[in-house]
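Positions are given from 1 along the sequence.
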Amino acid sequence: MKIKTVESKAELKRFINFPYKFYKDDPNWVPLLRTELNNQFNPKKNPLLDHCTYSLFLLIEEDQVIGRIAAFIDHLAVDFWNEKIGLFGYYECVPDQGASRMLLDAAANWLQDQGMESMRGPWSFVPEEWGLVVEGFTPPPVIMAPYNPPYYDQQLTEFGLAKVKDLLCYYISGKEGYQIPDRILTLTDRVAERYGVSVRPVDMKRYDEEVAVFLELSNSSIIDNWGYSPVTDAEADTMAKDLKQVIQPKGVVFAETADGEPIGFAIALPDINTLLKGLNGRLFPFGWLKLLLGIPRLKSYRMFALGVIPEYHGLGIDSLIYRALYESLFSPDIWMEINYVLEDNYHMNNAIHKLLAKPLRRYRIYQRDL
């Protein structure tokens, strides 16, 4: 076995394509569209790379790729956190502890050479697409969510990486008889009346303006969240363009005061992963048609984001927004994964429990001093 630093287009192609071979017999893995994955590593397509330094590594045995890892420094994040924390991600490895150690050593040594004092991950070149699945390997992952074999946890912990934060996921299912509890309906009626708050759907005709509102609300509501780092205008524009292709207007809502001031939002994305299975990451010849016809019919969603500005925390506005989103999306066979909530966000986890959502998955982020 030997470590090979990715230095050519051919080696980058091997790095990107490895999961399609590695997971081909795993019924729970959902192959990401190859064009989307390629774009993550293309500085012209992914503006996050504008403020990152990175190196990609392959693990080769008998001319076959048996593992990969990325090591990178997000300079905006380092400055914002005021800590020299390097990141690792895109980790894939055969079930061999020696192979795993070689990959993790390559990432750790590179980060240390760059002056980092600790390594954290799994992270990625996509904002907030973090973590290793440690509980809830089924059902298959939802849109923009990670997936991995169960043995990765042992590989990382044996290398000396320890849990730094868990991310929790929940779900609701119409087929299992889910309904919003009556007490929440009563509560949210009172909240709307007492504070003069209403909830409206996104106006797709004013999409760019709505994106600006979302960014302002998002930055205000999650700036103190663990792991947050600023998003550049270029990153926001790219994400807005990407999400516009899959967003359903009924899945995006804003909460406003009686004066029209935006104070909160929620976004539920149609889970296109249910359509991607079987395409092997390719849109052609017929994959594009499956997506085009399938997205409007989807009844499965990922609650991607929900936020309320700090001045309105603790007033039940989050439950009001959740109710409005649920009622907008409702069908008898609705299925929605709330993905994800920080484990120590006690207010949000408590609210989700009161809404009777059920635990589904747990992602873990690890860290180790260098």
query = What pairs with Glu343 under side chain to side chain donor-acceptor pair (under 3.5 Å), at least two apart in sequence or on another chain?
reply = Lys163

query = On the ring face of Tyr366, is Arg120 found with NZ or CZ under 6.0 Å from the centre and within 45° of the axis?
reply = no

ask   = Where do Gln114 and Lys84 land on the side chain to side chain donor-acceptor pair (under 3.5 Å) test, with the steps shown first?
value = CA-CA 10 Å; Gln114 302 297 312; Lys84 293 183 178 181; over 6 Å; no

inquiry  = Is a donor from one side chain sitting under 3.5 angstrom from an acceptor on the other, for Gln40 and Tyr90?
reply    = yes

task = Determine yes or no for a side-chain-to-main-chain donor-acceptor pair under 3.5 angstrom, with Tyr152 supplying the side chain and Cys93 the backbone.
result = yes

request  = Could you tell me whether a side-chain N or O of Thr188 sits under 3.5 Å from a main-chain N or O of Ile184, the two making a donor and an acceptor?
outcome  = yes

key: Same apolar cluster (I L V M F W Y, side chains within < 4.5 Å links), Val252/Val142   = no

Joint hydrophobic cluster, Val246 plus Met303, side-chain heavy atoms closer than 4.5 Å = yes

key: Pair Tyr228-Trp81, ring pair (Phe, Tyr, Trp, His ring centres under 6.0 Å): steps then yes or no   = CA-CA 9 Å; Tyr228 170 84; Trp81 298 336; 9.7 Å; no

ask   = Do Tyr171 and Trp335 have side chains that get closer than 4.5 Å, going by heavy atoms?
value = yes

Straight-line distance of Asn219 CG to Leu217 CG, nearest 0.5 Å = 9.5 Å

key: Geometric cation-pi criterion, Arg68 with Tyr91: 6.0 Å, 45°   = no

key: Residue from Phe214, Phe254, Phe304, Tyr312 passing ring pair (Phe, Tyr, Trp, His ring centres under 6.0 Å) with Phe265   = Phe214

ask   = Does any donor atom in the side chain of Gln154 or Thr157 lie under 3.5 Å from an acceptor atom in the other side chain?
value = no

inquiry  = Donor-acceptor check, side chain of Asn109 to backbone of Asp105, threshold 3.5 angstrom: yes or no?
reply    = yes

Contact check, side chains of Phe57 and Val6, non-hydrogen atoms, under 4.5 Å = no

task = Check for a donor-acceptor pair, side chain of Asn350 on one end and backbone N or O of Tyr346 on the other, with a separation under 3.5 Å.
result = no

key: Mutual orientation of the aromatic rings belonging to Tyr326 and Tyr178 [parallel < 30°, tilted 30-60°, perpendicular > 60°]   = perpendicular

Distance in Å, Ile180 CD1 paired with Leu185 CG, rounded so as to fall on 0.5 Å steps = 6.0 Å

inquiry  = Do Ile321 and Val197 land in one hydrophobic cluster if side-chain heavy atoms of ILVMFWY residues count as linked below 4.5 Å?
reply    = yes

message = If we count only N and O atoms by modelled type, under 3.5 Å, do the side chains of Glu327 and Tyr322 hold a donor and an acceptor together?
response = no

request  = Indicate yes or no: at least one non-hydrogen side-chain atom of Ser221 is less than 4.5 angstrom from one of Val308.
outcome  = no

ask   = Do the side chains of Leu168 and Tyr170 get nearer than 4.5 Å, heavy atoms only?
value = yes

query = Residues two or more places apart in sequence or in another chain: which of them pass side chain to side chain donor-acceptor pair (under 3.5 Å) with Tyr54?
reply = none

ask   = Any donor and acceptor pair, going by atom type alone, linking the side chain of Asn339 with main-chain N or O of Cys169 inside 3.5 Å?
value = no

inquiry  = Donor-acceptor check, side chain of Arg302 to backbone of Leu269, threshold 3.5 angstrom: yes or no?
reply    = no

query = So, Thr53 and His75: side-chain donor and acceptor under 3.5 Å apart, yes or no?
reply = yes

request  = Taking atom types as modelled, find out whether Asp259 and Thr257 have a side-chain donor-acceptor pair closer than 3.5 angstrom.
outcome  = no

query = Any side-chain donor-acceptor pair under 3.5 Å between Tyr147 and Asp26?
reply = yes

request  = For the residue pair Asp318 and His313, confirm or rule out a side-chain donor-acceptor distance under 3.5 Å.
outcome  = no

task = Taking the side chain as every heavy atom from C-beta outward, state whether Phe15 and Ile69 have any atom pair closer than 4.5 Å.
result = no

query = Is Gln112 reaching over with its side chain to a backbone N or O of Ala108, donor-acceptor style, under 3.5 angstrom?
reply = no

ask   = Going from CG on Leu320 to CG on Asp189, what distance comes out if it is rounded to the nearest 0.5 angstrom?
value = 8.5 Å

task = Anything under 30° is parallel, anything over 60° is perpendicular, the rest tilted; go ahead and classify Phe125 against Phe41.
result = perpendicular

inquiry  = How long is the straight-line distance from CG of Leu48 back to CG of Asp74, given to the nearest 0.5 Å?
reply    = 5.5 Å

task = Examine Leu360 and Val133 and state if one hydrophobic cluster contains both, with Ile, Leu, Val, Met, Phe, Trp and Tyr joined whenever side-chain heavy atoms are less than 4.5 Å apart.
result = no

task = Spell out, as yes or no, whether a donor-acceptor pair under 3.5 Å connects the side chain of Ser328 to the backbone of Ala324.
result = no

ask   = Within a reach of under 6.0 Å around CD of Gln97, are more than 12 heavy atoms found that belong to other residues, nucleotides or ligands?
value = yes

Side chain Glu36, main chain Leu33, donor-acceptor under 3.5 Å = no

request  = Compare all side-chain heavy atoms of Val78 with those of Ile85 and state whether any distance is below 4.5 angstrom.
outcome  = no

query = Can you tell me how far OG of Ser100 sits from CD of Gln155, rounded to the nearest 0.5 angstrom?
reply = 4.0 Å

request  = Determine the minimum heavy-atom distance between Phe137 and Pro149, stating which atoms define it.
outcome  = CE2-C, 4.0 Å

query = Once you round to the nearest 0.5 Å, how far does CG of Leu32 lie from CG of Asn39?
reply = 9.5 Å

